[in-house]
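What follows is a single structure, written as structure tokens, with notes after it.
We number each residue from 1, following the sequence as shown.
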Amino acid sequence: MNSEEKTLVEIIDDNNQIDLAKYINYVSAPQAGAIATFSGTTRDTFEGKTVVELRYEAYIPMAIKNLKSICSAARSSWDLHSIAVAHRLGIVPVGETSVFVAVSATHRADALDACKFLIDELKASVPIWKKEVYSDGEVWKENPEFLERRLELGKDGGCCRRKIETAAHDKKSCSKPKVKVEEAID
């Protein structure tokens, strides 16, 4: 079975909850000794403000393409069996899941590290936008991972003159992905 057949990427339409069991079942396999998951949920407060809900929008074709690319990068860095990634669009009330990642591997270190990489890269590069709705207003939010990536790209001449590569990851650590930025040759 090729890696595409063991990868499930879905953008969930408005008013549909993420079925966590569906994605865990998808990555389950007899040869998988570990399943790592991440569930991002809407919390009830942010910096002292009462959160009512989150609203997500996306450029769906590009979001799916980027998510598949991130999954492929994870496979090239860790020995994985299956990957499932789902993200909701529309209104996500407090307590509900907006994003879910499930990864299976023979060993836990690969599953845990790949799961962290997948959610960090999703938040840094996938075109999905979030509006936080408070009891006294609302604001569009940028993820800290996106801002960090943008700042890194903007140093010394901007992103258009640089080559970006995600470096190979140490398979024994659960750490932030390393991004290598090199000047483009004119």
Side-chain angles (χ1 to χ4, degrees), residues 3-27 36-47 49-77 80 82-104 114-135 137-154 158-160 162 164-166 176-177 179:
S3 63
E4 185 67 27
E5 294 173 319
K6 295 181 181 180
T7 300
L8 177 61
V9 171
E10 293 185 331
I11 303 294
I12 311 296
D13 293 334
D14 295 348
N15 302 318
N16 289 314
Q17 292 189 13
I18 294 177
D19 180 356
L20 307 183
K22 170 186 173 180
Y23 301 103
I24 292 169
N25 289 336
Y26 179 84
V27 301
T37 64
F38 173 82
S39 180
T41 59
T42 302
R43 62 180 176 262
D44 63 356
T45 58
F46 180 76
E47 295 181 351
K49 297 177 185 175
T50 301
V51 175
V52 176
E53 65 192 18
L54 301 179
R55 295 181 190 161
Y56 289 93
E57 294 182 11
Y59 177 38
I60 296 172
M62 185 173 279
I64 291 171
K65 181 180 177 183
N66 286 10
L67 286 168
K68 287 180 178 179
S69 177
I70 293 166
C71 291
S72 179
R75 286 188 178 285
S76 70
S77 296
L80 305 177
S82 300
I83 301 171
V85 180
H87 203 300
R88 277 177 74 175
L89 298 181
I91 295 172
V92 182
V94 170
E96 292 188 13
T97 300
S98 57
V99 60
F100 188 73
V101 177
V103 180
S104 64
C115 188
K116 182 177 184 338
F117 169 81
L118 288 162
I119 190 61
D120 287 348
E121 286 299 304
L122 181 157
K123 303 221 2 113
S125 64
V126 177
I128 297 174
W129 302 279
K130 173 175 73 175
K131 180 186 280 188
E132 288 188 357
V133 179
Y134 308 113
S135 57
E138 56 189 35
V139 64
W140 285 101
K141 301 291 289 221
E142 289 182 318
N143 292 316
E145 297 86 353
F146 173 78
L147 294 173
E148 288 171 15
R149 180 77 48 88
R150 188 174 72 186
L151 287 173
E152 182 64 32
L153 294 175
C159 66
C160 298
R162 294 179 165 224
I164 302 152
E165 296 176 12
T166 301
K176 284 189 172 184
V179 176

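- Using a 4.5 Å heavy-atom threshold, the side chains of Thr50 and Asp44 count as separate.
- With hydrogens and angles ignored, the 3.5 Å screen pairs a side-chain donor or acceptor of Ser76 with a backbone N or O of Ala73.
- Every pair passing salt bridge (charged side-chain N to carboxylate O under 4.0 Å, His left out) that includes a residue from residues 9-18 is listed here, sequence neighbours excluded: Glu10-Lys22.
- In this structure, Ile11 and Ile64 have side chains that are in contact, with non-hydrogen atoms separated by less than 4.5 Å.
- Ser125 places a side-chain N or O within 3.5 Å of a backbone atom of Glu121 that can act as its donor or acceptor partner.
- We find that Glu132 and Arg55 are not joined by a salt bridge, their nearest charged nitrogen and carboxylate oxygen being 4.0 Å or further apart.
- Contact of the Ile70 side chain with the Leu118 side chain is registered, since non-hydrogen atoms from C-beta on lie closer than 4.5 Å.
- Here the options are Val126, Asp120, Ile119, the test is side-chain contact (heavy atoms from CB on, under 4.5 Å), and the partner is Lys123; only Ile119 passes.
- The minimum heavy-atom distance linking Ala102 with Val27 is given by the pair O-CG1, 3.6 Å.
- In terms of heavy atoms, Arg75 sits closest to Ser82 at NH2-CA, 3.7 Å.
- In this structure, the side chains of Val133 and Val51 stay at 4.5 Å or more apart for every pair of heavy atoms.
- Considering only heavy atoms from C-beta on, Lys131 stays 4.5 Å or farther from Glu57 through its side chain.
- At least one side-chain heavy atom of Tyr23 sits under 4.5 Å from a side-chain heavy atom of Ile18.
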Show me the donor-acceptor pairs within less than 3.5 Å that the side chains of residues 90-100 make with the rest of the protein, sequence neighbours left out.
unit_1 : atom_1 : unit_2 : atom_2 : d
Glu96  : OE1    : Arg88  : NH1    : 2.7
Glu96  : OE1    : Arg88  : NH2    : 3.2
Glu96  : OE2    : Gln17  : NE2    : 3.1
Thr97  : OG1    : Ser39  : OG     : 3.1
Ser98  : OG     : Gly40  : O      : 3.2
Ser98  : OG     : Tyr56  : OH     : 3.3

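- Judged by distance alone, the side chain of Asn16 and the main-chain N or O of Ile12 form no donor-acceptor pair under 3.5 Å.
- No donor-acceptor pair under 3.5 Å is formed between the side chain of Tyr26 and the backbone N or O of Ile83.
- Annotation for Val9 and Lys68: closest pair CG2-CG, 4.1 Å, computed over non-hydrogen atoms.
- Under the rule for a side-chain hydrogen bond (donor to acceptor under 3.5 Å, both in side chains), Tyr59 has no partner lying at least two apart in sequence or in another chain.
- Counting heavy atoms from C-beta on, the side chains of Ser104 and Leu80 never come closer than 4.5 Å.
- Atom NZ of Lys141 has more than 12 neighbouring heavy atoms from other residues, nucleotides or ligands inside a 6.0 Å radius.
- The structure places CG of Leu8 at 9.0 Å from SG of Cys71, a figure rounded to the nearest 0.5 Å.
- Summarising the geometry of Ala58 relative to Ile128, their closest heavy-atom pair is CB-CG1, 3.8 Å, with the distance given to 0.1 Å.
- Interatomic distance, NZ of Lys130 versus CG of Leu89, reported as 14.0 Å (0.5 Å rounding).
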